[in-house]
Number of protein chains: 2
Amino acid sequence: MAVQEALRVVAERIGSLPQPCASCDARERNFCAALSPAEMAEFARTMSEAALPTGGILFHEGAPADHVMNVTSGAVKLFKLLGDGRRQILGFRFAGDFLGLSTGADYVYSAEALGESRVCRFPRRKLDALRERYPNVDRRLLALSIEELAGAQEQLLLLGRKTAEERLVSFLILLSQNQVRRGLVADPITLAMTRSDIADYLGLTIETVSRTFSSLKKKGLIELEDTTHVHLVDRDRLEDLAAGFA
Amino acid sequence: MAVQEALRVVAERIGSLPQPCASCDARERNFCAALSPAEMAEFARTMSEAALPTGGILFHEGAPADHVMNVTSGAVKLFKLLGDGRRQILGFRFAGDFLGLSTGADYVYSAEALGESRVCRFPRRKLDALRERYPNVDRRLLALSIEELAGAQEQLLLLGRKTAEERLVSFLILLSQNQVRRGLVADPITLAMTRSDIADYLGLTIETVSRTFSSLKKKGLIELEDTTHVHLVDRDRLEDLAAGFA
DNA sequence: CGTGACCTTGAAAGCCTTCAACTCGGGTGG
DNA sequence: CCACCCGAGTTGAAGGCTTTCAAGGTCACG
């Protein structure tokens with residue numbers, strides 16, 4: 001199976017890069033923020049950074065959840081599959097984001113690199129030990145988890161009740177906010193993902209996504225420099241659309 | 001506004017019932033499980049149980065999130081609204097379930113009683129104090145939060161990629177599992193919610209929900225004793241349907 | 001310069017929604 | 001007591017938004 005093969009490749013790459021990930025302790029969107037520099041240094045020994053090619057698999061749904069990880073560069077998509085191959089992307093994670101927590105023994109979704117990316121992995125057992133020793137870690141993970149839940153609930157509203165146009169506009173605004181959160185500009189949005197990924201995130205087809213981009217452009221609400229760079233022309237109108245004010 | 005009026009009614013009812021909720025410390029699906037009986041007794045003074053009529057509002061999206069709560073009897077629906085009134089139900093909570101956590105100052109969704117229900121409320125400030133003193137509380141809340149997130153992600157797959165029939169079947173199976181989790185029988189499912197609630201949970205209309213019930217009945221996959229009691233005839237086939245094996 | 005991945009656009013089809021009519025059961029008031 | 005009303009649910013028919021099927025365009029790459 002192609003997935004198993006990819007996993008093996010990833011495992012090899014990870015094994016070949018034993019150095020700790022220097023950027024983790026400076027990040028605000030992962031659990032490391034709960035640790036002091038000294039604690040961080042002690043923990044760094046058990047971490048390792050891995051390089052992933054485009055399409056590289058971080059882990060697959062149903063596989064033993066024995067690592068958690070931070071994205072240190074690039075971007076990652078999280079997704080679930082149905083029996084006949086239909087795919088739903090749950091979300092995208094960018095540099096500084098944390099992923100991989102699970103209460104059960106296995107991952108409940110798959111994760112794959114959008115472009116060339118790097119992730120900092122560490123054993124779940126070590127994380128559990130850390131949680132025992134430093135209560136702040138649980139507090140931090142809880143805050144992250146609640147934030148993630150709120151994001152998923154917003155996406156439930158999108159998938160259950162919004163039209164194609166409202167979905168795409170909501171997505172663009174979310175990406176814009178995401179860029180601000182990462183210290184980038186709000187306005188020219190850079191799409192790290194393909195139309196296919198966008199479609200699977202918004203519960204649409206690539207054709208509908210493409211058509212909706214064209215329609216928004218024709219209405220003068222957005223401008224497309226090229227397929228990966230979007231300019232939000234009428235932000236207020238777009239916000240209203242995303243919020244469902246018909 | 002009707003909502004504000006309902007909130008006022010709820011507030012009055014809560015104020016009139018200052019006694020602690022005896023069932024909380026025996027529950028497995030709320031944070032109380034992290035406390036010893038002694039700790040629980042000490043904390044119980046700050047709790048109060050409230051009776052809610054059908055349709056009673058627990059809290060509204062955007063209101064200050066100054067309480068968390070356990071459902072002690074009955075059932076509750078959590079939902080979000082779009083600007084023009086479209087509604088998406090995020091989930092249902094039953095006796096023993098916990099709700100109301102938020103990282104920000106406000107609730108990010110609304111909560112309303114399905115039928116006559118009781119909830120045990122306590123101040124968020126008190127909960128924060130408890131988290132400071134007992135690290136187990138954060139651990140417990142984290143586990144609950146991760147479980148809730150996994151449920152939301154499963155629902156994203158449902159809303160984004162499943163057909164009407166697959167959605168309804170998935171919902172029935174979820175309810176069945178829920179009943180088992182609450183110590184009830186797996187098979188005759190009792191629907192505590194209306195067709196309208198089911199529709200808003202599944203991202204459909206009431207007509208489609210009704211038609212799909214009829215269709216499943218005609219196929220011999222389920223039986224409807226009355227509108228609120230469903231018997232799963234061919235469980236294996238239903239499981240396959242829900243998993244998207246066309 | 002051929003090839004393939006990604007994207008766009010058009011036309012037809014389909015699943016679900018919208019609109020509408022009808023049934024059923026419970027509560028109410030004459 | 002029972003006609004009446006109303007909410008909840010079911011079913012039919014038409015319509016619409018998105019999908020499916022199909023074709024063509026662009027660009028990177030070997």
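Numbers restart at 1 for each chain; the letters A, B, ... are given by sequence-line order, proteins then strands. Being a predicted model, the structure only gives us computed values, none of them experimental.
Remark: A:S73 engages no residue in a side chain to side chain donor-acceptor pair (under 3.5 Å) (not counting sequence neighbours). Contacts of B:Q179 classified as side chain to side chain donor-acceptor pair (under 3.5 Å), with partners at least two apart in sequence or in another chain: none. Under the rule for a side chain to side chain donor-acceptor pair (under 3.5 Å), the partners of A:S170 that lie at least two apart in sequence or sit in another chain are A:K162. Applying the side chain to side chain donor-acceptor pair (under 3.5 Å) test to A:D187 and every residue at least two apart in sequence or in another chain returns A:H231.
Applying the side chain to side chain donor-acceptor pair (under 3.5 Å) test to every pair with at least one member in residues 82-92 of chain A, sequence neighbours left out, gives these pairs: A:D84-A:R86, A:R86-B:E166, A:R87-A:D197, A:R87-A:D200. Residue pairs meeting the side chain to side chain donor-acceptor pair (under 3.5 Å) criterion with at least one partner in residues 146-158 of chain B, sequence neighbours excluded, are A:K80-B:E154, A:T103-B:E147, B:R93-B:E148, B:Q155-B:Y201. Among residues at least two apart or in separate chains, side chain to side chain donor-acceptor pair (under 3.5 Å) pairs with a member in residues 214-223 of chain B are B:E165-B:K219.
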Pairs: protein N or O with nucleotides 6-8 of chain D N or O, under 3.5 Å:
none

Can you pull every protein N or O that's under 3.5 Å from an N or O on nucleotides 22-30 of chain D?
none

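A:T227 comes within 4.0 angstrom of sugar-phosphate atoms only, judged by non-hydrogen atoms across all strands, and of no base. Within the nucleic acid shown, A:I206 has no heavy atom closer than 4.0 Å to any nucleic acid atom.
Contacts between residues 75-89 of chain B and DNA chain C, defined by a heavy-atom separation under 4.0 Å, are absent. Near-neighbour residues of DNA chain D inside residues 152-175 of chain B, defined by a heavy atom below 4.0 Å, are absent.
The backbone N or O of A:T208 sits less than 3.5 Å from a side-chain atom of A:T212, completing a donor-acceptor pair.
The interatomic distance linking B:L224 (CG) with D:dT10 (C1') rounds to 11 Å, in whole Å.
Look at B:E239 and B:R235 and you find a salt bridge, because one of the NZ, NE, NH1 or NH2 atoms lies within 4.0 Å of a carboxylate O, short of that distance.
For the side-chain contact (heavy atoms from CB on, under 4.5 Å) with B:I222, the qualifying choice from B:V169, B:L168, B:L238 is B:L238, the only one to do so.
The footprint of chain A on DNA chain C, defined by a heavy-atom cutoff below 4.0 Å, extends from C:dC7 to C:dA11.
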